[in-house]
A.B. asks: 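Here it is: the structure, laid out below.
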Amino acid sequence: FITAPRFRRLGVGRLMGRVFLRAAKDLGYKSSYFNLVFKSNVGSVFMWESLGFERVAVLENAAALEGMEEGELDTAYGYRYDLEKLPDNYRP
């Protein structure tokens with residue numbers, strides 16, 4: 001998810017993540033996977049891990065992102081959530 005800069009650090013991203021979990025389970029999904037969560041995006045890494053997503057993949061040298069040094073490549077993580085473990089009474 002992308003959160004507009006003026007809404008960052010207000011819990012908007014966390015709310016989107018929690019609502020996603022509820023919606024995905026309600027739609028019958030058993031698992032969810034987010035790829036390309038960049039190591040340099042410390043807030044995003046923290047949020048997914050604090051929501052209970054498990055880091056299941058590491059892709060070194062995945063991308064040259066804006067603001068990085070010339071020739072520098074960021075690492076990307078893949079995160080999985082086992083939606084079968086999400087309680088039926090889970091509320092965002």
A.B. asks: List the residues meeting side chain to side chain donor-acceptor pair (under 3.5 Å) with Glu60, not counting sequence neighbours, and say none if there are none.
C.D. replies: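 Glu60 satisfies side chain to side chain donor-acceptor pair (under 3.5 Å) with Thr75 once adjacent residues are dropped.
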A.B. asks: Let's go through Arg18 and Leu51 carefully: what are the C-alpha distance in whole Å and the side-chain angles of both, what is the deciding distance for side-chain contact (heavy atoms from CB on, under 4.5 Å) to 0.1 Å, and is it a yes or a no?
C.D. replies: CA-CA 8 Å; Arg18 291 176 58 92; Leu51 286 174; 3.5 Å; yes
A.B. asks: Classify the ring geometry of Trp48 against Phe53: parallel below 30°, tilted from 30° to 60°, perpendicular beyond 60°.
C.D. replies: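 Correct class here is perpendicular.
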A.B. asks: Rounded to the nearest 0.5 Å, what's the gap from CG on Leu10 to CG on Leu15? Could you check?
C.D. replies: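 One finds 11.5 Å between CG of Leu10 and CG of Leu15.
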A.B. asks: Determine whether Ser40 and Leu65 make a side-chain contact, defined as any pair of heavy atoms from C-beta on separated by less than 4.5 Å.
C.D. replies: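 The answer is yes, as the side chains (C-beta and beyond) meet within the 4.5 Å cut-off.
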A.B. asks: Check whether any side-chain N or O of Lys25 sits under 3.5 Å from a backbone N or O of Leu86 as a donor-acceptor pair, and report yes or no.
C.D. replies: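 Yes: the side chain of Lys25 pairs with the backbone of Leu86.
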A.B. asks: Report the distance from atom NZ of Lys39 to atom CG of Leu73, rounding to the nearest 0.5 Å.
C.D. replies: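 Reported to 0.5 Å precision, the distance equals 12.5 Å.
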A.B. asks: Does Phe46 have more than 12 heavy atoms from other residues, nucleotides or ligands lying within 6.0 Å of its CZ?
C.D. replies: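 Atom CZ in Phe46 is not packed in, count stays at 12 or less.
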A.B. asks: I'd like to know if Asp82 pairs up with Lys30 as an ion pair, taking the criterion as any Lys NZ or Arg NE/NH1/NH2 lying under 4.0 Å from an Asp or Glu carboxylate oxygen.
C.D. replies: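 The answer is no: the pair does not qualify as a salt bridge.
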A.B. asks: How long is the gap from OH on Tyr81 to CG on Leu21, to the nearest 0.5 Å?
C.D. replies: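 Rounded to the nearest 0.5 Å, the OH-CG separation comes out at 5.5 Å.
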A.B. asks: If you define the side chain from C-beta out and look only at heavy atoms, does anything of Val56 sit under 4.5 Å from Tyr33?
C.D. replies: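 Of all side-chain heavy-atom pairs linking Tyr33 with Val56, at least one is under 4.5 Å.
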A.B. asks: How would you list, by chain and number, every residue that makes a side chain to side chain donor-acceptor pair (under 3.5 Å) with Arg55, sequence neighbours excluded?
C.D. replies: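 Checked Arg55 against side chain to side chain donor-acceptor pair (under 3.5 Å); matches are Glu49, Tyr79.
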A.B. asks: Indicate yes or no: at least one non-hydrogen side-chain atom of Phe20 is less than 4.5 angstrom from one of Ser32.
C.D. replies: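 When only atoms from C-beta onward are counted, Ser32 and Phe20 do touch, with a gap below 4.5 Å.
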A.B. asks: Tell me if a side-chain donor or acceptor on Asp74 pairs with a main-chain N or O of Ala63 at a distance below 3.5 Å.
C.D. replies: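 The answer is no, because no donor-acceptor pair under 3.5 Å joins these two groups.
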A.B. asks: Go through it in stages, so that I can follow the logic: the residues are Phe1 and Phe34, the test is side-chain contact (heavy atoms from CB on, under 4.5 Å), and I'd like the CA-CA distance, side-chain angles, deciding distance and then a yes or no.
C.D. replies: CA-CA 10 Å; Phe1 304 117; Phe34 284 100; 4.2 Å; yes
A.B. asks: First locate atom CZ of Arg80, then atom OG of Ser31, and finally report the distance between them rounded to the nearest 0.5 Å.
C.D. replies: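 Between atom CZ of Arg80 and atom OG of Ser31 there are 3.5 Å.
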A.B. asks: Between Thr3 and Met16, is there a side-chain heavy-atom distance shorter than 4.5 Å?
C.D. replies: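 Result yes, sub-4.5 Å side-chain heavy-atom pair found.
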A.B. asks: Can any side-chain N or O of Ser44 pair as donor or acceptor with the backbone N or O of Asn41 at less than 3.5 Å?
C.D. replies: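 No, the answer is negative, given that no donor and acceptor are paired below the 3.5 Å cut-off.
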